[in-house]
Number of protein chains: 2
Amino acid sequence: MEEEKRKKNWNNVNCPVRTVLDRIGDKWSILILLILGDTEKMRFNQLNKEIEDISQKMLTVTLRSLEADGLVNRIIFPEVPPRVEYNITELGKSLLPHIKALSEWAKNNLETIQESREKYVS
Amino acid sequence: MEEEKRKKNWNNVNCPVRTVLDRIGDKWSILILLILGDTEKMRFNQLNKEIEDISQKMLTVTLRSLEADGLVNRIIFPEVPPRVEYNITELGKSLLPHIKALSEWAKNNLETIQESREKYVS
DNA sequence: CAGCATCCTTTCTGATACTG
DNA sequence: CAGTATCAGAAAGGATGCTG
């Protein structure tokens, strides 16, 4: 039974890193964390401008997910028109160095990877 | 024009870490890298047993992707029945510490994240 | 043994229109 | 301003059967 195997969900039980990547391994989370890590706070539309190619929907969805995980704060000001500010939490800050380390590795090895990919056939 | 914005592909140009996550941020790559990082070499079916809940297709697809990026080696022995061995490359090894650091962070903060998620409403 | 091919389901992302 | 709701397309992942 192939189905039986899947139920063990081996990867998340024995591989905690997957639990993180399930959260921040998506298309936008890391970028948002990096931006919020570089600023004190930011409003929704500021983020939307900063990340030129994100859709409003995905910005909302991603921010909500990061908020749920306790990586960013969402502060609503009861004004008209509404103002909502986002900032990174302490938990988020503690994750940042690891993201940046990964980013450094990426910068340093991007070329190697790309060359490898171009040479690769079949 | 919403479409115009996307073409800039801001995230990959200005955010190299995304280029890495586009590759290893999938469901299985990290796990495979961790396993191959802990062993000298491994055959296809060994990996398939080690990762109990991966499908044969995804194991093939993921290994090919890692190979294309130069993170793992694929060595084919011209025998019958065929034998194919996989091992991690030097490039892959250089990435490993960062994955493990992320993994450590995950272990240490899993509970906090889960609590945050449970408390989160809408 | 180590796959490949095909079909199918699920999940992710985006476009668009609308709103307190 | 900062969203929500809905729909549609793309991509990822899985089940199954077949093969050198």
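Side chains included, hydrogens not; waters and symmetry mates left out as well; all remaining heavy atoms used.
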Provide, to the nearest angstrom, the distance between the [atom1] atom belonging to [X] and the [atom2] atom belonging to [N].
X: A:Arg23; N: C:dC12; atom1: CZ; atom2: C1'; value: 14 Å
X: B:Glu85; N: C:dG3; atom1: CD; atom2: P; value: 12 Å
X: B:Ile24; N: D:dA12; atom1: CD1; atom2: P; value: 15 Å
X: A:Lys49; N: D:dG3; atom1: NZ; atom2: P; value: 15 Å
X: B:Lys57; N: C:dC1; atom1: NZ; atom2: P; value: 22 Å
X: A:Phe77; N: D:dA2; atom1: CZ; atom2: C1'; value: 14 Å
X: B:Leu59; N: C:dA2; atom1: CG; atom2: P; value: 10 Å
X: A:Ile54; N: C:dA15; atom1: CD1; atom2: P; value: 12 Å

Would you say a side-chain N or O of [X] is under 4.0 Å from OP1 or OP2 of [N]?
X: B:Arg83; N: C:dG3; value: no
X: B:Tyr86; N: C:dC1; value: no
X: A:Arg43; N: D:dA2; value: yes
X: A:Arg64; N: D:dT4; value: yes

Closest approach of B:Ala68 and A:Ser116, non-hydrogen atoms and distance?
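Shortest heavy-atom separation between B:Ala68 and A:Ser116 comes out as O-OG, 2.7 Å.
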Shortest non-hydrogen pair, B:Leu33 vs B:Leu96, comes out as O-CD1, 3.7 Å
**Asked** Any chance the side chains of A:Thr112 and A:Asn109 put a donor and an acceptor closer than 3.5 Å?
**Response**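 There is no such pair between these side chains.
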As a check of understanding: the bend across the helix from C:dC1-D:dG20 to C:dG20-D:dC1, end axes from five pairs, rounded to 10 degrees, works out to 50°
Practice item. Please check if atom CD in B:Glu40 has more than 12 non-hydrogen atoms from other residues, nucleotides or ligands closer than 6.0 Å. Key: no
Counting side-chain heavy atoms from CB outward, which of D:dG3, C:dA2, C:dG3 is closest to B:Pro82?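 Nucleotide nearest to B:Pro82's side chain: C:dA2.
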Among the nucleotides D:dC1, D:dG14, D:dG3, whichever has the atom closest to the side chain of A:Asn45 is D:dC1
### Query
When you match A:Asp26 and B:Pro81 each to their closest nucleotide on DNA chain C, which lands nearer the 5' end?
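The answer here is B:Pro81.
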(request) Measure the CD1-CG distance between A:Ile99 and B:Leu102 for me, rounded to the nearest 0.5 Å. (result)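 Answer for the CD1-CG pair, A:Ile99 versus B:Leu102, is 7.5 Å.
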d(B:Ile35 CD1, B:Ile51 CD1) to nearest 0.5 Å is 4.0 Å
- Message: Is the shortest side-chain heavy-atom distance between B:Phe44 and B:Thr60 below 4.5 Å?
- Response: yes
message = So, under a plain 3.5 Å distance rule, would you say the side chain of B:Lys27 forms a donor-acceptor pair with the base of D:dG13?
response = no
